[in-house]
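Before any comments, here is the structure.
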Amino acid sequence: MESPMPARSLSDISCILEFAKLDAADLKPCVQCLYFSEHLENDMFKLIELDEPVLEALQHGNKVEIRGDPSEGAVLVTDSLTYDLKEAETSNSMLLLSQLTFGAELQKVADREIANKQVTSVVHNYYEIRPIKPRLKKLHMLLMNNPYRGPECEGDELDTGKNYTFRELQSCIQASDKELRAGLLKMNACDIKGKWRLLDFEFSGSVIYHIIQLCEERNWLSEGVNMEECCQVLGELFPREVIEHLVQCYSREDDASAETGESRRIYFLSEDKICKHFAELCLRNSGKFNLNDFLRAWQESVPEGMKTSISQLEGMALMDKDSNPPVIWFYNVDELPEEISERFEALFEEKKKWSLDEITPYVKDLTDDKTDVGALLTKFARASLQQGIKMFSSRKTS
């Protein structure tokens with residue numbers, strides 16, 4: 001057992017006040033005397049500095065977790081936010097006590113009283129948090145290891161990668177649940193029997209081809225896709241969850257509806273999304289493509305009545321109109337590094353000079369409330385005028 005703490009008397013306290021040149025009248029009725037335990041447990045507690053959203057999450061009983069694989073730096077997440085978690089040191093000694101009386105509680109003592117308080121731990125470091133964007137590049141990498149190519153391919157020699165439940169992704173992806181779901185949605189991941197899968201490009205292209213054929217037969221391009229009927233007709237060829245998933249992925253954002261009094265769901269396919277899909281079909285494995293030939297082939301490939309537009313290629317393809325002949329090639333923003341300096345390095349390896357319109361689709365996902373595209377370019381690129389147009393190049397000297 002620990003030896004009892006030596007008791008201080010009021011005369012001891014008066015002497016201390018005199019040495020410190022403090023007025024005894026400034027003392028509260030209850031004087032708390034601090035003593036150090038003989039067995040300080042300095043590694044027992046970890047302190048973390050919280051901002052308002054995290055504090056509110058804890059106060060309301062919402063989830064706050066620390067995530068990341070052992071080989072990665074840790075992040076702290078709430079339901080909707082992600083924070084980088086780093087250890088920091090302080091030159092001050094922080095004393096931890098099991099009990100300490102504050103404020104109005106000290107006024108309740110009628111006569112002057114001495115209360116002994118024991119310091120159980122002395123801490124010189126703590127954890128601080130900094131809001132960051134979710135780190136989702138690993139999510140794409142994990143899901144790409146074993147894309148879904150149809151039920152007949154499950155278990156074959158190419159089916160060697162691990163498939164992940166949402167809970168398994170939570171444990172290894174540095175993102176909040178809301179941001180993780182948004183990432184899965186953005187990359188068109190599909191929930192197949194409780195596992196999140198990316199669809200193989202050729203397989204998904206085959207499903208989309210059959211959906212569009214059916215739409216053209218049933219006049220659904222203008223009247224909307226009848227989801228139930230679509231699944232019934234194509235269900236012998238493809239899994240229902242894949243058909244539903246792709247119809248939803250390629251529909252307009254706000255046009256899914258339920259008809260009153262009927263168990264039908266109607267979806268209107270998005271012209272921009274369908275045209276972008278056919279552009280990727282043309283470009284993905286084509287290398288540099290004659291621009292005029294591509295534009296003609298692209299327009300001929302889309303469903304009748306849909307109109308292609310260069311704006312639909314934003315973040316997916318680059319063009320060089322100064323070459324002879326002008327060319328276009330596949331260049332997908334989703335395949336670029338997440339880290340800002342690495343992103344700019346990759347961009348300037350692809351092209352030496354970029355206009356503002358060209359580079360914006362490839363860096364706007366790096367922006368936040370405090371840093372816009374202009375601020376990123378100021379920090380990571382060098383601006384120059386070329387034929388009266390501002391162009392951006394690498395800050396690194398050649």
Side-chain angles (χ1 to χ4, degrees), residues 48-57 64-68 72-88 126-141 173-187 253 276 311-319 331-386 389-398:
I48 183 169
E49 187 178 59
L50 304 180
D51 69 357
E52 198 62 33
V54 179
L55 180 60
E56 287 181 0
V64 176
E65 293 182 342
I66 294 175
R67 293 180 181 173
E72 301 171 327
V75 297
L76 181 142
V77 301
T78 65
D79 287 335
S80 59
L81 299 171
T82 302
Y83 296 84
D84 197 26
L85 183 66
K86 296 291 186 184
E87 189 173 21
Y126 64 99
Y127 291 91
E128 59 184 9
I129 58 176
R130 177 179 58 88
I132 59 170
K133 285 182 172 291
R135 293 165 178 162
L136 297 172
K137 184 60 68 177
K138 181 180 177 181
L139 175 64
H140 188 269
M141 180 191 71
I173 301 300
Q174 297 182 320
S176 69
D177 289 356
K178 181 179 179 181
E179 292 164 330
L180 178 54
R181 292 188 187 281
L184 290 167
L185 179 65
K186 182 180 178 182
M187 61 183 67
E253 300 291 343
K276 187 170 184 176
S311 63
Q312 295 161 348
L313 304 178
E314 185 178 282
M316 193 191 76
L318 290 175
M319 292 176 286
Y331 194 66
N332 193 346
V333 63
D334 294 331
E335 298 174 3
L336 294 176
E338 278 184 316
E339 204 279 322
I340 298 178
S341 61
E342 292 179 7
R343 173 76 63 88
F344 276 93
E345 185 176 344
L347 291 174
F348 292 126
E349 283 181 1
E350 185 70 19
K351 280 186 66 175
K352 298 299 183 186
K353 291 182 180 290
W354 298 69
S355 69
L356 179 60
D357 288 343
E358 285 175 333
I359 203 169
T360 294
Y362 291 94
V363 298
K364 66 181 181 180
D365 62 307
L366 302 174
T367 62
D368 54 34
D369 294 339
K370 297 180 180 179
T371 307
D372 59 12
V373 170
L376 288 173
L377 292 173
T378 299
K379 184 175 182 179
F380 293 96
R382 176 183 287 112
S384 61
L385 285 178
Q386 184 174 310
I389 299 173
K390 183 179 284 190
M391 303 294 289
F392 298 92
S393 57
S394 174
R395 280 190 169 276
K396 297 181 180 179
T397 56
S398 56

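- For the atom pair CG of Leu347 and CZ of Phe392, the computed distance is 12.5 Å after rounding to the nearest 0.5 Å.
- For the side chain to side chain donor-acceptor pair (under 3.5 Å) test, residues two or more places apart in sequence or in another chain that qualify with Gln312 are Asp272.
- A donor-acceptor pair under 3.5 Å is absent between the side-chain atoms of Ser393 and the main chain of Lys353, judged by distance alone.
- In terms of modelled atom types and a separation under 3.5 Å, the side chain of Asp51 and the main chain of Val54 share a donor-acceptor contact.
- Arg343 has a carboxylate O that lies under 4.0 Å from a charged side-chain N of Asp365, or vice versa, which qualifies the two as a salt bridge.
- Residues meeting the ring pair (Phe, Tyr, Trp, His ring centres under 6.0 Å) test with Tyr331, sequence neighbours left out: Tyr362.
- Although no hydrogens or angles enter the test, the distance criterion places a donor-acceptor pair under 3.5 Å between the side chain of Arg395 and the main chain of Thr378.
- One distance of note links CG of Asn332 with CG of Leu313; it measures 11.5 Å at 0.5 Å rounding.
- The pair Lys137-Glu342 does not meet the salt-bridge criterion, since no charged nitrogen lies less than 4.0 angstrom from a carboxylate oxygen.
- One finds the NE2 atom of His140 at 5.5 Å from the CE atom of Met187 (value rounded to the nearest 0.5 Å).
- Looking at Glu72 and Lys138, a side-chain N of the basic residue comes within less than 4.0 Å of a carboxylate O on the acidic one, giving a salt bridge.
- Listed for the Glu179 side chain is no donor-acceptor partner under 3.5 Å among the backbone atoms of Lys133.
- In this structure, Ile129 CD1 and Thr82 OG1 are separated by 11.0 Å, a value rounded to the nearest 0.5 Å.
- A salt bridge links Arg130 with Asp84; the closest basic N to acidic carboxylate O contact falls under 4.0 Å.
- Side-chain N or O atoms of Arg67 include one that pairs as donor or acceptor with a backbone N or O of Ala175 at under 3.5 Å.
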